[in-house]
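In what follows, every chain begins at residue 1, and chains take the letters A, B, ... in the order their sequences are listed.
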Number of protein chains: 2
Amino acid sequence: MATRISDLKPTTESASDTPEAPVRLAHADSFDALLATIADRPKRVSNRKQDRSKRTAQQIMNAALRVFARDGISRPKIADIAAEAGVPTSTLYDYYKSKEELASEVPLSYLAAFFSKYRDAVAGVTDARERILLYMSMSADFARENAEWARLFYLEIWPSVFVNDTEELRHSIDDFARVLVLLIRQGMDEGAWSAMRDPYETAAILIGGLNQVIITWILYRRPRNLTKAGTAIVERILNLLAEELRVEQSARNAPRRR
Amino acid sequence: MATRISDLKPTTESASDTPEAPVRLAHADSFDALLATIADRPKRVSNRKQDRSKRTAQQIMNAALRVFARDGISRPKIADIAAEAGVPTSTLYDYYKSKEELASEVPLSYLAAFFSKYRDAVAGVTDARERILLYMSMSADFARENAEWARLFYLEIWPSVFVNDTEELRHSIDDFARVLVLLIRQGMDEGAWSAMRDPYETAAILIGGLNQVIITWILYRRPRNLTKAGTAIVERILNLLAEELRVEQSARNAPRRR
DNA sequence: GGACAAGTCCGATAAAAACTCGGATTGCGT
DNA sequence: ACGCAATCCGAGTTTTTATCGGACTTGTCC
């Protein structure tokens, strides 16, 4: 008999790990803790029993990525994706209960890969500035390496109301910002930039600026070298922030300045 | 007999006004010219003959906005929108040939309203910095005033692959960035910030940062006062940029600084 | 290494949604 | 107030999504 996705009960929000609990330890420790939480979050890759099935699942995911990247999420029919994957439509329903679910599964698996990659790369780095620079350069580079995924993720998924419907994907995207805010707080403690500013506002400038560059690259393949341009804009912003601190300090020493 | 949207020929890209021609006059003049071009662009509001029909079209647009803002673009059925508008489904097809077209018409009409509003407000302002501040504060304020539209526009439409399919909407969104880049160039000429930086990069920081704030507000209604927060982040970035120029200048005067 | 149970695949078919048609009705100029 | 074009809308048709259940595979236990 068929094992349909829709037969499974909605996995009642694994209550064991605390998904929302705001990590509020010393920033140094909580950074590792946060990364660990995030890297483990999306673990249900495929609970299929047979190898054959895992291959099919992969085929479908790859096909979906290609099709979504080419035509967006709403236009392609389920049948198109099934055809691209080389399986009958009904088989696709054995794996994913709807197009929406399929469209959120793909980004999730890549996002998990990114976080785990960053976790490895950041291992020896302790400086907040360096950590941020690495984080964001790697984001840009990851988008360049996985251009089809990037197109799907940056243009269709993030930001989209649709995100609100997919608990798990929503968390993962929030995590992205959460890491950055944490690092900005760390930098405040270290005196790398002003501690008087709203860290969320600072995060908005960093994420917003970089995303804008990534999105422009996705749409127009300009600037040519995304990795370089991404690193450049982040460095520029970080320098601006460092300068902002310097000005604040000298203003405090010589109040009647200007 | 029915007059169906699908009967009309695809209006072959009015060749009269040059939509792509990059305006390259002195920045001062081209600003007015650009705004004029933009404000006139989306003029095919409704070529219906009867008043009754214009009312119906408005009803449908309003209903679509409410429904899209609530449930996104892909999930609602055409029938839902028709029901919300209080007309039979088939009538909706007399006005818009598909859900996609409907979903692009709504943002267009609002965007046109914004540009025209800005055009009036900026009339007396000549300073690049002030023009940008006004432009972006008004963007934030416009989003706050038209929260349903903003949800649709920022979360679903911009950026979306879907934009690429709708020539007209695509232009309007490009225009938004084009105005900003022009103003940044003007500011370079005026010595308000560094002329050595890529204006597109600078624009990315401004637009990206502000959009990030707007999107956060749409999703979480935080910060509470969007207008204030939007103005604040733009002012902060503009100050950062002014400081950047100062540092560059003093570095040139005393090269061995640091 | 064979048999049997669970797991996977897929053609046929039902259900839902998108879209069309053409006549009935209404608005508007004369 | 008449006539004709413009608009409206109920009743279909076509396209797309989703389900069902049996045929076929795979892994495993003896």
Write down the protein N/O and nucleotide N/O pairs, taken from nucleotides 26-30 of chain C, whose separation is under 3.5 Å; answer none if there are no such pairs.
residue : atom : partner : partner atom : Å
C:dG27  : O4'  : B:Gln50 : OE1          : 3.4
C:dC28  : OP1  : B:Asp51 : N            : 3.4

Mind listing the N/O atom pairs, protein and nucleotides 11-18 of chain D, below 3.5 Å?
residue : atom : partner : partner atom : Å
D:dT16  : OP1  : A:Lys77 : NZ           : 3.3
D:dT16  : OP2  : A:Lys77 : NZ           : 3.4
D:dT17  : OP2  : A:Ile78 : N            : 3.1
D:dA18  : OP2  : A:Tyr93 : OH           : 3.0

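For B:Arg170, the side-chain contact (heavy atoms from CB on, under 4.5 Å) criterion is met by A:Tyr220, B:Val163, B:Asn164, B:Asp174, not counting sequence neighbours. B:Asp175 is linked by a salt bridge (Lys or Arg N to Asp or Glu O under 4.0 Å) to B:Arg41, B:Arg178, counting only residues two or more places apart in sequence or in another chain. Remark: B:Lys117 engages B:Glu145 in a side-chain hydrogen bond (donor to acceptor under 3.5 Å, both in side chains) (not counting sequence neighbours). Applying the ring pair (Phe, Tyr, Trp, His ring centres under 6.0 Å) criterion to B:Phe115, with sequence neighbours excluded, gives no partner residue. Residues that satisfy the ring pair (Phe, Tyr, Trp, His ring centres under 6.0 Å) test with B:Phe142, not counting sequence neighbours, are B:Phe114, B:Trp149. Checked against ring pair (Phe, Tyr, Trp, His ring centres under 6.0 Å), A:Phe68 has no partners two or more places apart in sequence or in another chain.
A donor-acceptor contact closer than 3.5 angstrom is absent between the side chains of B:Tyr93 and B:Ser98.
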N/O donor-acceptor pairs under 3.5 Å from side chains in residues 58-67 of chain B, not counting sequence neighbours:
residue : atom : partner : partner atom : Å
B:Gln58 : NE2  : B:Asn62 : OD1          : 3.4
B:Gln59 : NE2  : B:Ala85 : O            : 2.9
B:Arg66 : NE   : B:Glu84 : OE2          : 2.7
B:Arg66 : NH2  : B:Glu84 : OE2          : 3.3

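Summarising the geometry, the separation between CD on A:Gln59 and C1' on C:dC9 is reported as 12 Å, rounded to the nearest angstrom. A:Asp94 has its CG atom 13 Å from the C1' atom of C:dG11, to the nearest Å. Atom-to-atom, OH of A:Tyr96 to P of C:dC9 comes out at 12 Å; the value is rounded to the nearest Å. Between the CG atom of B:Leu92 and the P atom of D:dG10 there is a distance of 14 Å, rounded to whole Å.
In terms of phosphate contacts, B:Arg48 brings a side-chain nitrogen or oxygen within less than 4.0 Å of OP1 or OP2 of D:dT7.
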